[in-house]
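These notes are about the structure you will find just below.
Here, residue 1 is the first one in the sequence, and each next residue gets the next number.
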Amino acid sequence: KWVEICAHIFQHYNQGWDNGHHYHIKYWEIWNEPDGAGFWSGTPEQYFNLYELTARKLKSLDPTIKVGGPTLASRLEFLDGFLKYGADHKVPLDFVSWHIYARQPNEVVSRAARVQELLNKYGFSTVENVVDEWNYFPGDCHLQEVDAKYRKELFANQMGGPPGAAFDAAVLIDLQDTNVALADFYQGTNMFWGGLFDEFGVPYKAFFSFKAFRFLLATPQRVAVTGSDLNGIAAIAGLSKDKSEATILISNFGTQYNHYDVELRDLPWDGTIIYEKYTVDSHHNLDLVKSEAISSRTLTTAEDVEVPSVCLLRLRPSR
């Protein structure tokens with residue numbers, strides 16, 4: 001019965017059934033966190049069977065869509081069983097999805113690597129590796145449910161504040177060198193639980209990390225960066241396709257260093273270059289804090305920063 005309900009939901013939103021729509025929704029995820037007691041009360045094998053029946057039904061309606069699961073909460077042994085079942089029964093599987101709420105950015109990267117290892121183990125190396133819930137969570141799950149002051153500190157000042165901003169930027173940077181195909185932050189709303197805005201729609205600090213990362217899309221050609229690690233400093237840099245602009249994004253999350261030197265070599269411009277620094281920290285929301293003109297293709301600059309913080313550097317030739 002549940003499979004038939006899912007089939008009609010799919011047909012309603014993608015195929016117009018019952019005065020429906022043609023939204024061309026591509027990804028269809030089956031269930032949520034069946035490895036946790038909060039969403040699934042059956043056995044793992046019962047979920048595996050439910051997934052198989054639903055995936056086969058949806059694929060029969062439209063073989064071009066992507067179906068996946070298991071929307072893993074945390075237990076990799078559950079994923080191991082799911083993938084073994086899928087391989088043994090030749091179950092349709094276009095993506096494997098998982099969730100993580102972490103204290104350190106390297107936890108997200110490590111989990112992505114472990115998921116990929118399991119995909120490779122069972123012959124699913126080309127299946128998309130998808131983390132469709134992630135966020136910074138440094139607190140106590142139970143305490144945030146019963147203590148309002150603690151909840152405000154956790155969500156507004158930690159997850160939404162400078163620590164969350166630096167964590168988010170570091171994860172976005174670090175994920176670029178993993179097998180992850182899609183990464184969905186949970187969540188971008190004004191809901192207190194991990195949102196990017198307060199209840200009035202005012203952006204938290206974490207929002208500005210995403211805005212800073214957005215600038216990299218204008219400079220998509222990656223260039224080499226050294227000095228970052230998985231213990232607190234994350235850095236990435238890019239050049240625009242027409243070489244008219246360069247961007248460097250640096251997250252300082254878990255270190256004690258409030259100063260670093262930035263050395264830029266072989267800049268692709270002659271003449272005067274405009275160098276700008278934008279900061280996300282306790283006092284700034286991606287504000288321009290430094291702007292200067294330089295006249296060399298090599299630049300070494302000393303930057304004082306807060307811990308934690310995010311730094312966006314933008315360079316372009318003077319017009």
Side-chain angles (χ1 to χ4, degrees), residues 24 26-27 66 95 105 108-109 112 116 125-126 128-132 134 165-185 188 196 203 206-230 233-253 260-280 284-301 303 305 309-319:
H24 307 292
K26 193 72 174 178
Y27 287 82
K66 296 185 178 183
F95 64 92
V108 181
V109 176
Q116 190 62 45
S125 59
T126 60
E128 292 183 17
N129 186 336
V130 174
V131 49
D132 56 2
W134 69 269
F167 176 92
D168 296 345
V171 169
L172 289 169
I173 292 169
D174 293 340
L175 282 176
Q176 304 311 306
D177 295 312
T178 70
N179 291 97
V180 168
L182 294 170
D184 300 325
F185 181 81
L196 295 180
F207 163 83
F208 294 99
S209 283
F210 285 85
K211 186 175 182 179
F213 191 82
R214 172 66 177 80
F215 282 103
L216 288 169
L217 297 184
T219 56
Q221 296 184 347
R222 286 186 69 178
V223 297
V225 176
T226 60
S228 61
D229 56 45
L230 291 177
I233 293 289
I236 194 170
L239 188 66
S240 62
K241 292 180 180 179
D242 62 0
K243 297 185 178 181
S244 65
E245 184 179 5
T247 306
I248 303 100
L249 182 63
I250 306 170
S251 171
N252 185 358
F253 171 72
Y260 44 72
D261 297 325
V262 178
E263 182 178 355
L264 306 174
R265 301 175 184 173
D266 302 319
L267 296 172
W269 310 299
D270 295 316
T272 304
I273 298 171
I274 304 301
Y275 172 86
E276 297 176 338
K277 174 185 175 184
Y278 300 80
T279 301
V280 182
H284 301 96
N285 294 327
L286 201 61
D287 300 318
L288 178 64
V289 297
K290 181 179 182 180
S291 180
E292 61 183 5
I294 59 175
S295 56
S296 172
R297 300 186 71 175
T298 298
L299 168 66
T300 300
T301 179
E303 300 295 349
V305 295
S309 64
V310 177
C311 183
L312 176 71
L313 307 177
R314 304 184 68 192
L315 298 96
R316 64 182 186 277
S318 177
R319 301 291 186 243

How many angstroms lie between [atom1] in [X] and [atom2] in [Y], if you round to the nearest 0.5 Å?
{"X": "N285", "Y": "S209", "atom1": "CG", "atom2": "OG", "result": "10.5 Å"}
{"X": "S251", "Y": "I233", "atom1": "OG", "atom2": "CD1", "result": "7.0 Å"}
{"X": "L196", "Y": "F185", "atom1": "CG", "atom2": "CZ", "result": "4.5 Å"}
{"X": "T219", "Y": "K241", "atom1": "OG1", "atom2": "NZ", "result": "11.5 Å"}
{"X": "F253", "Y": "D174", "atom1": "CZ", "atom2": "CG", "result": "11.0 Å"}
{"X": "R214", "Y": "T247", "atom1": "CZ", "atom2": "OG1", "result": "11.0 Å"}

Go through F213 and V310 one step at a time and tell me if the side-chain contact (heavy atoms from CB on, under 4.5 Å) criterion holds. CA-CA 10 Å; F213 191 82; V310 177; over 6 Å; no

Between the side chains of R297 and D270, is the shortest nitrogen-to-carboxylate-oxygen separation below 4.0 Å, so that they form an ion pair? yes

Listed partners of E276 passing side chain to side chain donor-acceptor pair (under 3.5 Å), at least two apart: Y278, R316

For R222, all residues meeting side chain to side chain donor-acceptor pair (under 3.5 Å), sequence neighbours excluded: D177

Full working for side-chain contact (heavy atoms from CB on, under 4.5 Å) between L267 and Y275: CA-CA 12 Å; L267 296 172; Y275 172 86; over 6 Å; no

Suppose we screen for side-chain contact (heavy atoms from CB on, under 4.5 Å). Which residues come up paired with D261, at least two apart in sequence or across chains? H259, A302

Please report the shortest heavy-atom distance between [X] and [Y], naming the atom on each side.
{"X": "I274", "Y": "S291", "result": "CG2-OG, 4.3 Å"}
{"X": "F95", "Y": "K66", "result": "CE2-O, 3.6 Å"}
{"X": "K277", "Y": "V305", "result": "NZ-CG1, 4.2 Å"}
{"X": "A235", "Y": "I173", "result": "O-CG2, 3.6 Å"}
{"X": "H284", "Y": "T279", "result": "CB-O, 3.2 Å"}
{"X": "W269", "Y": "L315", "result": "CH2-O, 3.5 Å"}

Is there side-chain contact between [X] and [Y], with at least one heavy-atom pair below 4.5 Å?
{"X": "V108", "Y": "F167", "result": "yes"}
{"X": "I294", "Y": "S296", "result": "no"}
{"X": "N129", "Y": "T178", "result": "no"}
{"X": "L313", "Y": "V262", "result": "yes"}

Please determine whether side-chain contact (heavy atoms from CB on, under 4.5 Å) holds for the pair W134 and D168, giving the CA-CA distance in whole Å, both sets of side-chain angles, and the decisive distance to 0.1 Å. CA-CA 9 Å; W134 69 269; D168 296 345; 3.6 Å; yes

Determine whether more than 12 heavy atoms belonging to other residues, nucleotides or ligands lie under 6.0 Å from atom NZ of K26. yes

So, S318 and T272: side-chain donor and acceptor under 3.5 Å apart, yes or no? no

Without hydrogens or angle criteria, can the side chains of K290 and T301 be said to hold a donor-acceptor pair below 3.5 Å? yes

L216 and L172: CA distance, side-chain angles, deciding distance, side-chain contact (heavy atoms from CB on, under 4.5 Å) verdict: CA-CA 11 Å; L216 288 169; L172 289 169; over 6 Å; no

